[in-house]
Amino acid sequence: MPEEVIRLNNLSFRFPDCSKAVLHNVSAIIHRGERIAICGPSGCGKSTLLYLLNRLYPLNCDGIVSGEIRLFGKNGEHYAPGEINRRIATVFQDPDAQFCMPTVEEELAFTLENLHIPQADMEERIAGILSLTSLTEWRHSKIHSLSGGMKQRVAVACALIMDPEVLLLDEPLSHLDPVTARDFVCWLDRLQQLRQLTIIAVEHRLVHWKSFFKREIRLGKDGRVIADGPPAEIPALLFPSRLSGKAAEEALRIQGLAVEIDGKTRLSPLSFSLTRGEVTIVAGPNGSGKTTLLKALCGIHQASGTIQAISRRGYVPQSPEFMFLTQSVSQEVAYSGISSLQEIKGLMNRLDLSTIADSHPFSVSHGQKRRVAVGAMLADKRQILLMDEPTAGQDAASLQELYTLIGQRTAEGAAFVIVTHDMSFALAVADSVVLLKDGAMTGKYSAADFWTRDDLLLAHHLLAPEGVAIHEASIE
Amino acid sequence: MKHLLNDMNPSFKFVIVTLSMIVMAFFFNPWTPLIFCCGIVLLQILFSQTNWKLWLVCMLPFAFGAFGYLWTTIVFGRASSGTIIWSSGFFDITDQQLNLALSLSFRVLAFSVLSLMFAFTTAPVKFVMSLMQQMKLSPKLAYSVLVGYHFLPLIKDEFVQIKQVHEMRNVAVKNSRWLRLTSIYGMLIPTLASSVRKAESAAFAMEARGFTGEPRTSYFRPIRIKPRDYWLSLLFSALLAASCIIGVLLEK
């Protein structure tokens, strides 16, 4: 048995201003070289557990800890600030908010300077880690110009340059497209074997990791460990079967829609149509013009070409709170004054918003924020809803909720255009798929025969979801 | 030669610029700032790579300001003594008054030319790094400035996003300048909320990489003080001294 690196003894944790504990009696022993996934629904304390392991908590939040964390055989509290971070390194979720220097090289140097490495050794270590992580080519690149996948690699390189024994990852794939995510996992697999790292990752969906993890610690809603062992057979996220709400009446027809911003063509002329109740997924690699298409459809971007539609289009951004203008949920839905009071009341009931009608829109959960945004759009009599990345960083429950929301609205005759990287969600929800690449439309495909076309999928940085076979079988 | 000012140690440059400003404040005559001003521009032309078009644009508001000083001092300043050199129906201008007005406006020009020289020849990241290495600025403060600087484009992108979505919800805003101005308040809250979140994750990320805020012992790219920094400082001091002396002599 390899030596023990982390031991948790009846660890409980709560935030100072909250009476309810986030973690409850968590006990676990972690050995060198293990690959562990910490899973569980949103808000179950996964990230909190991670922050306790690298000592960011409890100091940064004045949290109250009971029980014991032993790191490398020593009580976690006995480490000086920053001392443990060189042995337990962390990669965070948001690729944009974890760098503080302009270029890859300077960012790596920042880490070395923190560790008081003599200047003479820095060059060697930077070159070494860059070649280990195959990033030498990007040494002088500006970090903000890199893609999300590359940024996550740089973040891992910055963590590994400390020569850590344990690597913590906080949902590292949530902003990556399927092919990039797969490549990242393969790359990490190779690194782990080279360095005999212990990897602990917070992840609510193990689908993209395939067989990477050998052990899974599952936390329940109340912050207790409910399972600890080899990963359970990965259930393809099964959504209840849904009758397509697709109707015959055309809802939207666009012809020769093109977008040019500052003299650059962002979207070459494209044409497609949509019926009432139809759900269309827009997919393609990062930077292929998906968001531009949505913004052109709802009039944010000036576009040439013609759009014929039954109503105005409503846009729901990835962060729904970007669109909030008022102090309460009910005011938010009623904002435009287009629907009558009666209609709004009905809408709020159907969207299950009546219970939070007086809450501040910023204070409700992410799923509720999204429902408020959809409600506001529907109250504007916008029957065609454009959703930008509603699935990014969402757990299973939140995805189910989104799925239900879409199902109910299509049944009422609304049409959806949804940009997403989550192909199993797309599989469950789509009636049709629009593929984009380099600002041009490859085509619009019916969902029935789309998922088996591997050539098409791969060319657009997509992967057929795990559930395709099951799904097909269930249809037959 | 064309990069001397750009390559000069930023802290050194900063100290020289600050000192020059303080010294200039003690010389109240039109000639000192005028000579100094021309000297700085000359140095910048000789020893730096500057985008002069941009420089002119940036200079514009300062030039207006300087002219404003000139005008208000001439028109509204109360002349107590001196000989009248020009007179219109409404006001008389004495030589003392003109002297005062020119002193004020040239001083404004000199300060702005000096500041722009600094801004145009100093890379922000290098400046902060140099402050940390030469002036013992605490890394905590230095890196928070750097991270903030780094986040500016991100925040701008997000602000544009929020603005676009708000305009979609309320088309009236797009077509009215006044509404656009007042609606900024509503956009600030989402921007602020996401900035706070970003700031927290950035702070966590830095701490997770072993950043504790204590002084560093080694640097990957040390910013050193080289002989040219002394030479350039000497040049600046000579210019300053010359403009002060000539200014005083001409004043007499």
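Here is how names work: the chains are called A, B, and so on, in the same order as the sequence lines, proteins then strands, and each is numbered from 1.
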When heavy-atom pairs shorter than 4.5 Å are enumerated against chain B, which of [options] gives the highest number?
| options | value |
| --- | --- |
| A/R55, A/Q98, A/E83 | A/Q98 |
| A/G314, A/C298, A/C158 | A/C158 |
| A/L168, A/N60, A/I84, A/T90 | A/N60 |

Restricting to non-hydrogen atoms, name the atom on [X] and the atom on [Y] that form the minimum distance, rounded to 0.1 Å.
| X | Y | answer |
| --- | --- | --- |
| A/D170 | A/S47 | OD1-OG, 3.5 Å |
| A/A379 | A/S339 | O-OG, 2.6 Å |
| A/I384 | A/A309 | CD1-CB, 3.9 Å |
| B/A63 | B/L109 | CA-CD2, 4.3 Å |
| A/P102 | B/H150 | CA-CE1, 4.2 Å |
| A/I117 | A/R125 | CD1-NH1, 3.1 Å |

| Part of B/Y149 within contact of chain A (heavy atom distance under 4.5 Å) | neither

| request: Mind checking the CG-CG spacing from A/L294 to A/L385? Nearest 0.5 Å is all I need. | output: 11.0 Å

| request: To the nearest 0.5 angstrom, please state how far the CG atom of A/D388 sits from the NZ atom of A/K295. | output: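 Going from CG on A/D388 over to NZ on A/K295, the span is 7.5 Å.
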
| said: Is the shortest side-chain heavy-atom distance between A/H140 and A/T103 below 4.5 Å? | reply: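 In short, these two side chains do not touch, never coming nearer than 4.5 Å.
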
| query | Under 4.5 Å between any side-chain heavy atoms of A/I143 and A/K151, yes or no? | reply | yes

Which residues in [range] have a heavy atom less than 4.5 Å from any heavy atom of chain A?
| range | value |
| --- | --- |
| residues 209-220 of chain B | B/R209, B/G210, B/F211, B/T212, B/E214, B/P215, B/R216, B/T217, B/S218, B/Y219, B/F220 |
| residues 138-145 of chain B | B/Y143 |
| residues 159-169 of chain B | B/Q161, B/I162, B/Q164, B/V165, B/H166, B/M168, B/R169 |
| residues 116-135 of chain B | B/V125, B/M129 |

Give a yes or no answer on whether the side chain of [X] reaches the backbone of [Y] with a donor-acceptor pair at less than 3.5 Å.
| X | Y | value |
| --- | --- | --- |
| B/K2 | B/I45 | yes |
| A/E171 | A/Q93 | no |
| A/S319 | A/F322 | no |
| B/T182 | B/W178 | yes |
| A/N54 | A/A89 | no |
| A/E332 | A/Q327 | no |
| B/D157 | B/L154 | no |
| B/R107 | B/A25 | yes |

| said: Could you check whether atom CZ of B/F64 has more than 12 heavy atoms from other residues, nucleotides or ligands sitting under 6.0 Å from it? | reply: no

Which atoms of [X] are under 4.5 Å from chain B, going by heavy atoms: the side chain, the backbone, both sets, or neither?
| X | value |
| --- | --- |
| A/M162 | side chain |
| A/F99 | both |
| A/H301 | side chain |
| A/E107 | both |
| A/D96 | both |
| A/M377 | side chain |
| A/L112 | neither |
| A/F110 | both |

| message | Is it the case that the ring center of B/F106 lies less than 6.0 angstrom away from the ring center of B/F36? | response |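 No, the ring centres sit 6.0 Å or more apart.
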
| task | Classify the ring geometry between A/F92 and B/F204 as parallel (under 30°), tilted (30 to 60°) or perpendicular (over 60°). | result | tilted

| task | May I ask you to decide if the ring planes of B/W55 and B/W52 are parallel, tilted or perpendicular, using 30° and 60° as cut-offs? | result |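 It falls in the perpendicular class, over 60°.
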
| task | Take A/C61 and A/F15, measure what side-chain contact (heavy atoms from CB on, under 4.5 Å) needs, and give me the verdict at the end. | result | CA-CA 7 Å; A/C61 65; A/F15 289 103; 3.8 Å; yes

| task | Select, from B/E200, B/R221, B/M187, the one with the greatest count of heavy-atom pairs under 4.5 Å involving chain A. | result |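 Heavy-atom pair counts peak at B/R221.
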
